[in-house]
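The structure appears right after this line, and notes come after that.
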Amino acid sequence: MVRKFAAMHKYLEGLNEQQMAAVLHMDGPLMIVAGAGSGKTKVLTSRIAHLINSGVDAFNILALTFTNKAAAEMKERVEHALGNTEARNLYIGTFHSVFARILRADANKLGYPNNFTIYDTDDAKSIIKETVKSLNLDDKHYKPAYIYNRISAAKNALVGYAAYKQDMQIQQEDSRSNRPLMGDIYEAYAKKCFKNGAMDFDDLLFNMYVLLTHFPDALAKYQGRFRYILIDEYQDTNVAQYAIMKMLAARNENICVVGDDAQSIYSFRGATVQNILQFQNDYEDAAVIKLEQNYRSTRTILEVANSIIGNNKNQIPKNLWTDKTEGDKILLARTATDNDEGRFVADAIKEQMMRNHYANKDFAVLYRTNAQSRSFEESLRRMNIPYKLVGGTSFYQRKEIKDYLAYLRVVVNSQDEENIKRIINYPTRGIGKTTIERIIVRADELNTTFWEVIANPEIDGLRSSQTNAFVTMIQSFRTMLEKQNAYEVAFAVGKHTGLVKELYDDKSVEGVARYENVQELLNSIKEFTETPDEEGELQDKSLGSYLQQITLLTDADQDKEEDANAVKLMTIHAAKGLEFPCVFAVGLEENLFPSAMSMYDRNDLEEERRLFYVAVTRAKERLWITYANSRYRFGSLVQNEPSRFIKEVPASYIDTTYTGIGNKGPIGGNTRGGGLFGEQSFDKVPSLKKLADKLAAPKPSTHTPTADFAADDTTDLQVGMQVEHQKFGFGKVLTLEGGTQNRIAAIDFGTHGVKKIMLNFAKLRIVK
DNA sequence: GAGGTGCCTTTTTTT
DNA sequence: AAGGCACCTC
């Protein structure tokens, strides 16, 4: 039977028994528990291909992925597996983008304009901040970030503001945290967004739920359309997402979820592993298939991963195994500072490329927080190793882009007070703060919108030649909307507002970059309008349609040169679902990883550990774990203990000779505090680059001191200072040790190496 | 109303 | 280290 299928369909080739069962299972609820690297994506794509091949219309299949990128990839792979274009009719996307698309058709049922604006996190926080101020509350105490998270959590649990204010438990929590007016802020914020004709990310889920519960015809329509539903990364879904999917699937119960509780790393976004248990309760006849063979990593890496995750109490038992070879041991490296960590990684990459013939793209550096990227960027740049930063500050978060998009959003949806305020005086046209405030007050008095006050001739007293000019301009763009596509409108906006010219005239380095960014934005809009229509479905090329998508895109999705031969730098969160031959898991320090915020709660700590597990399981062949004794945080140097997770790596799997740490102290047990030890040991094995440098350019035997060289008093010498030595030249103080009478400094003199200098005797000039 | 200066906070992770 | 914001002066 199986063999027959295998002979018939290419997409069934090479599947193991469990994978095959998951692919061939067609009707009824199915849960696939897929361990890391167990061929999950292959199973999902084969399954979709099989459904289509068995006669299911692609139009009736809904697949929800975690990122747009994953969606695009899945579509492509199904297409490839089938060898025809049927896959193009699949409804694949993230929860947010799929729901946004649906709401774009039905938002008016809920009282929103159909081309509602989508607010990103920054937009939302700034509205919250305003709201807090308008309620005369202190935004130092009612911090926008905190409020945003709290509201987000509520919406993701399907708790609206009315329910929020009535919920005893929630009210207690808020009074305990001394924020009794949280509920009022939630209400005011929600009303403001509604009035602006805007939804934040969480509203896309919340309103989708409202739509399906309040409008039976809508529910029936989508239940009829989505007869087969697949959910990827199921462990990262939240209550709202689950409730929606359950409703959509209620008619046919052809719902297939794929997830791994060990990789659940988004609880801060409301995701709950509870959904995995809930699924089995709600669908008692659900088939459950476990994929436990790992095809990705060496046995060493997999064993390490298993033993790390074994420290978690809460988990679904599984036995991830591999028949791969043992592979190399894990390399553990300690460095003195974050900069040294950067240098160490760049050196190791160079060395691996020469020794084992890896390409740039075979490496990934994975960190806990985006802020850690800097030292790696610097060291890679210095060594001319191409790298690509994945994620981080989004293109769409840049000021010039937000300004431009604000114009476009106002043209499409003029209810949006937030974006009007952003642009009404940019470029400056003499409409200041006072005027804006008066308009807001007036709009409140008349219970109308900001736009109505300035656009409606019947409301007198506030319009001026300036506001009139603004209104006329926006209206002229709006008349273009019907006949012209997104690019034509956007181009006109840039031209007539003076936005493009203003940036063009700014010839500073940043100004040029901003101008280029805006050009890039225009290019992306052009590309959007020129992308050919998909078979069967005429694509909407309007500006409204463009804006709908843009907010839900992330940089990772935008990545056109993902195959570019470059080292990838990203957070572990961003690395989910990816794999690399060589992985550096960096910054394994207490307070950083695990994060300081997670240390006092068992669940949070277990999530951090799962995150570490995700990092380790990205590696196919080689894995490095690094940490620094001290690093800069908020501009000042802090000391960190090695992460507790390091101790969870069995010592037998660790290669310590490379860094020289092993025999001199317990793994991860460096309590000496000083950085000398790490620095020295790191220098013992010079990288090939350093070696090459030494051979190529014999160092000058002496340094010619600066003309006015004079030794300074070194009593106040601090780590990090730049000094000049008569013989060794310029250097940087790495560490200081010894008592006040007999201090010894370790100073990095670049080509002259790291020298220990006794400060009592040495003549040093302090450069800065 | 515009523009500049200095102080303050910030970093978890993302749709 | 850097960006945002309040406050200041013109």
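Residue numbers start from 1 in every chain, and the chains themselves are labelled A, B, ... in the order their sequence lines are given, proteins ahead of strands. The structure presented is a predicted model; accordingly, all values stated were derived computationally and were not measured.
- Rounded to an integer number of Å, the gap from OH of A:Tyr426 to C1' of B:dG3 is 15 Å.
- Between the NZ atom of A:Lys140 and the P atom of C:dA6 there is a distance of 8 Å, rounded to whole Å.
- Rounded to a whole Å, the CZ atom of A:Phe206 is 18 Å from the C1' atom of B:dT15.
- A straight line from CD of A:Glu606 to P of B:dT13 spans 22 Å, rounded to a whole angstrom.
- In this structure, the nucleotide among B:dT15, B:dT14, C:dA1 sitting nearest to the side chain of A:Phe201 is B:dT15.
- Map A:Asp202 and A:Asn425 each onto its nearest nucleotide of DNA chain B; the residue landing nearer the 5' end is A:Asn425.
- Taking a 6.0 Å sphere around OH of A:Tyr504, one finds it holds 12 or fewer heavy atoms contributed by other residues, nucleotides or ligands.
- The side chain of A:Ala574 lies closest to B:dT14, out of B:dT11, B:dA2, B:dT14.
- Nearest nucleotide to the side chain of A:Arg269, out of C:dA6, B:dT15, B:dT11: B:dT15.
- Ring geometry, A:Phe201 versus A:His96: the interplanar angle exceeds 60°, so the pair is classed perpendicular (tilted spans 30 to 60°).
- The listed nucleotides are B:dG3, B:dG1, B:dT14; the one nearest the side chain of A:Phe268 is B:dT14.
- Atoms CG (A:Asp120) and P (B:dT14) sit 14 Å apart, rounded to a whole Å.
- Both A:Gly432 and A:His573 lie close to DNA chain B; mapped to their nearest nucleotides by heavy-atom distance, the more 5′-ward contact belongs to A:Gly432.
- With B:dT15, B:dT11, B:dT14 as the choices, the nucleotide that has an atom nearest any side-chain atom of A:His96 turns out to be B:dT15.
- Counting only heavy atoms from C-beta on, A:Lys143 has its side chain closest to B:dT10 among B:dT10, B:dT11, B:dT14.
- For the pair A:Tyr148 OH and B:dT14 P, the interatomic distance rounds to 13 Å; values are reported in whole Å.
- The nucleotide whose nearest atom lies closest to any side-chain atom of A:Thr94 is, among C:dC5, B:dT15, B:dT10, B:dT15.
- Put simply, the side chain of A:Thr121 and the base of B:dT15 share a donor and an acceptor less than 3.5 Å apart.
- C:dA2 atom P lies 16 Å from atom CG of A:Asn370, rounded to whole Å.
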